[in-house]
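Counting starts at 1 for both ligands and their atoms, in listed order. It should be emphasised that the depicted structure is a prediction, and the values quoted were computed from it without experimental measurement.
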Amino acid sequence: MIDIQQNSPLTLLQNLGFWRAGEIIKSTSVPGESNMNLVLRIETNLDSYILKQAKSYVRKYPQIAAPISRIEIEYQFLKQLDSNPFLASLSPKVLHYDAQNHLMLLEDLGEGSDFLSLYGGQRQLNSEEIQHLAEYLMHLHQLEITNFPATGSMRVLNHEHLFDFPFLEENGFDLDSIQPGLQEASMPYKTDAFLKQRIQALGNRYLTDGKVLMHGDYYPGSWLQVSSGIKIIDPEFGGLGDAEFDLGVFLAHLDLSEQAEELSAQVQKHYNLTVDWSLVQQYRGVEILRRLIGIAQLPLSLCLEAKKTLLARARTYLIS
Ligand SMILES: Nc1ncnc2c1ncn2[C@@H]1O[C@H](COP(=O)(O)OP(=O)(O)OP(=O)(O)O)[C@@H](O)[C@H]1O
Ligand SMILES: [Mg+2]
């Protein structure tokens with residue numbers, strides 16, 4: 001396998017067997033924050049591309065293993081969008097897929113920024129943005145998918161961090177290192193047998209294939225603001241699952257970024273398909289809990305009291 005590194009010599013990239021006659025790589029740069037994969041912007045004398053390569057580990061934490069098949073899932077997901085012009089216009093086109101080297105060259109959507117800054121609590125999404133984000137899901141969940149590769153290994157990885165690890169009483173993760181007092185605040189959720197039973201049942205459901213193509217990680221880090229609008233990237237946790245999962249994650253992040261209540265109501269209004277909204281609430285609840293007391297922390301600006309309030313609210317989403 002051609003193992004491209006962030007500072008790799010350009011000759012390695014030149015060997016990819018993709019370039020047009022006379023195309024010469026001029027430079028590479030990092031287009032935005034990424035943890036999981038190697039993501040590079042490649043500028044040539046003719047064009048600009050985004051290269052994404054999966055390794056058998058998390059790029060930022062090489063000691064943590066991660067399924068290398070995630071690049072194939074992302075590839076298959078993006079290919080499915082080709083049949084729907086609306087969806088295809090909102091994600092990068094795949095220009096080259098190299099299964100052997102676990103990499104893809106994607107259309108460069110241009111310089112942009114994700115929406116992680118929402119967690120600073122300084123910014124509200126506007127109605128058009130909410131509508132756009134809800135309509136994307138509505139179209140995605142209506143795609144007719146005939147076959148999609150197995151996504152078990154990625155699902156198992158995500159399952160651990162969503163439904164399992166955050167709720168272990170002794171998981172070795174000292175939440176006080178994130179915020180003093182958070183460890184104690186987390187304990188009621190780690191010792192609540194009834195809640196944990198609910199979460200376990202939901203987790204088992206998450207692990208089984210559902211009926212629709214879900215994005216699988218529909219949160220502000222997967223929304224990219226570029227000059228032509230908001231694009232949706234990074235579907236490596238995608239696959240056949242519950243529409244309710246994407247909706248629950250979406251709504252959870254509106255809560256975590258302190259968006260006005262009415263924006264959540266607008267999501268329901270614009271997502272004009274029949275779904276089980278009580279299941280949405282359950283996924284919403286578990287996503288909030290795991291983002292507050294699990295390992296996948298966010299750049300939140302919430303004080304401890306606000307986190308306690310949100311934890312309690314998440315519990316009500318799961319138990320109603
Ligand atoms: N097609 C694209 N066009 C322009 N910029 C892009 C494109 N794809 C990715 N980027 C930029 O690169 C960043 C990282 O990409 P991406 O989120 O796909 O990587 P990742 O390794 O899966 O990240 P994570 O660790 O968050 O899962 C994005 O936040 C964005 O800034
Ligand atoms: Mg990713």
Quiz item: Salt bridge or not for Glu305 and Lys308, using N-O below 4.0 Å?
Solution: yes

Practice problem: Looking only at protein heavy atoms, identify the closest one to atom 28 (C) of ligand 1 and say how far it is in Å. | Solution: Ile233 CD1, 3.6 Å

Practice problem: Return yes if some donor-acceptor pair links the side-chain N/O of Ser91 with the main-chain N/O of Ala88 below 3.5 Å, else return no. | Solution: no

Practice problem: Flag the pair Glu107 and Lys231 as a salt bridge only when some basic side-chain nitrogen lies within less than 4.0 angstrom of an acidic carboxylate oxygen. | Solution: no

Quiz item: Going by heavy atoms in the side chains, are Met1 and His102 under 4.5 Å from each other?
Solution: yes

Self-check item: Nearest neighbour in protein (non-hydrogen) for atom 13 (C) of ligand 1
Solution: Glu33 O, 3.5 Å

Exercise. Look at atom 17 (O) of ligand 1 and say which protein heavy atom is nearest, naming residue and atom and giving the distance to 0.1 Å.
Key: Asp234 OD2, 3.3 Å

Quiz item: Where on Asn35 is there a heavy atom closer than 4.0 Å to ligand 1, on the side chain, on the backbone, on both, or on neither?
Solution: both

Quiz item: In the protein, which heavy atom is nearest to atom 12 (O) of ligand 1, and how far is it?
Solution: Pro31 CG, 3.5 Å

Quiz item: Should Ser113 be listed as contacting ligand 1, given a heavy-atom distance under 4.0 Å as the test?
Solution: no

Quiz item: Got a donor-acceptor contact below 3.5 angstrom from the Gln124 side chain to the Ala260 backbone?
Solution: yes

Exercise. Answer yes if the side chains of Tyr218 and His253 hold a donor-acceptor pair under 3.5 Å, and no otherwise.
Key: no

Quiz item: For ligand 1, which atoms have a heavy atom of Lys52 less than 4.0 angstrom away?
Solution: 16 (P), 18 (O), 19 (O), 20 (P), 22 (O)

Quiz item: So which of the N, O or S atoms of Asp234 lies nearest the Mg ion (ligand 2)?
Solution: OD2

Practice problem: Give the contacting part of Glu107 toward ligand 1: side chain, backbone, both or neither, where contact means a heavy-atom distance below 4.0 Å. | Solution: backbone

Quiz prompt | For atom 4 (C) of ligand 1, closest protein heavy-atom neighbour | solution = Asp108 OD1, 3.4 Å

Quiz item: What is the nearest protein non-hydrogen atom to atom 8 (N) of ligand 1, stated with its residue, atom name and distance?
Solution: Ile50 CG2, 3.9 Å

Exercise. On the 0 to 90° scale, with breaks at 30° and 60°, tag the His139-Phe86 ring pair as parallel, tilted or perpendicular.
Key: tilted

Quiz item: What is the nearest protein non-hydrogen atom to atom 30 (C) of ligand 1, stated with its residue, atom name and distance?
Solution: Leu224 CD1, 3.8 Å

Quiz item: How about Phe250 and Tyr271: are their ring centroids closer than 6.0 Å?
Solution: no

Quiz item: Taking atom types as modelled, is there a side-chain donor on Asp246 or His141 under 3.5 Å from an acceptor on the other?
Solution: yes

Quiz item: Any N/O of Pro92 closer than 3.5 Å to an N/O of ligand 1?
Solution: no

Self-check item: Atom CD of Glu184: over 12 foreign heavy atoms under 6.0 Å
Solution: no

Quiz item: Can you list the ligand 1 atoms lying under 4.0 Å from a non-hydrogen atom of Ser34?
Solution: 14 (C), 19 (O), 20 (P), 21 (O), 23 (O), 25 (O)

Quiz prompt | Close N or O approach (Glu74, ligand 1; < 3.5 Å) | solution = no

Quiz item: Between Tyr219 and ligand 1, does any nitrogen or oxygen pair lie at a separation below 3.5 Å?
Solution: no

Self-check item: Arg291 with Glu287: basic N within carboxylate O range, under 4.0 Å
Solution: yes

Quiz item: Are a donor atom and an acceptor atom from the side chains of Glu74 and Asn37 found within less than 3.5 Å of each other?
Solution: no

Quiz prompt | Under 2.8 Å: N/O/S of Glu236 next to the Mg ion (ligand 2) | solution = yes

Practice problem: Using a strict cut-off of 4.0 Å, indicate which atoms of ligand 1 neighbour a heavy atom of Glu236. | Solution: 22 (O), 27 (O)

Quiz item: Where's the contact between Leu109 and ligand 1, heavy-atom distance under 4.0 Å: side chain, backbone, both or neither?
Solution: both

Self-check item: Shortest protein contact, atom 31 (O) of ligand 1 (heavy atom only)
Solution: Gly32 CA, 3.5 Å

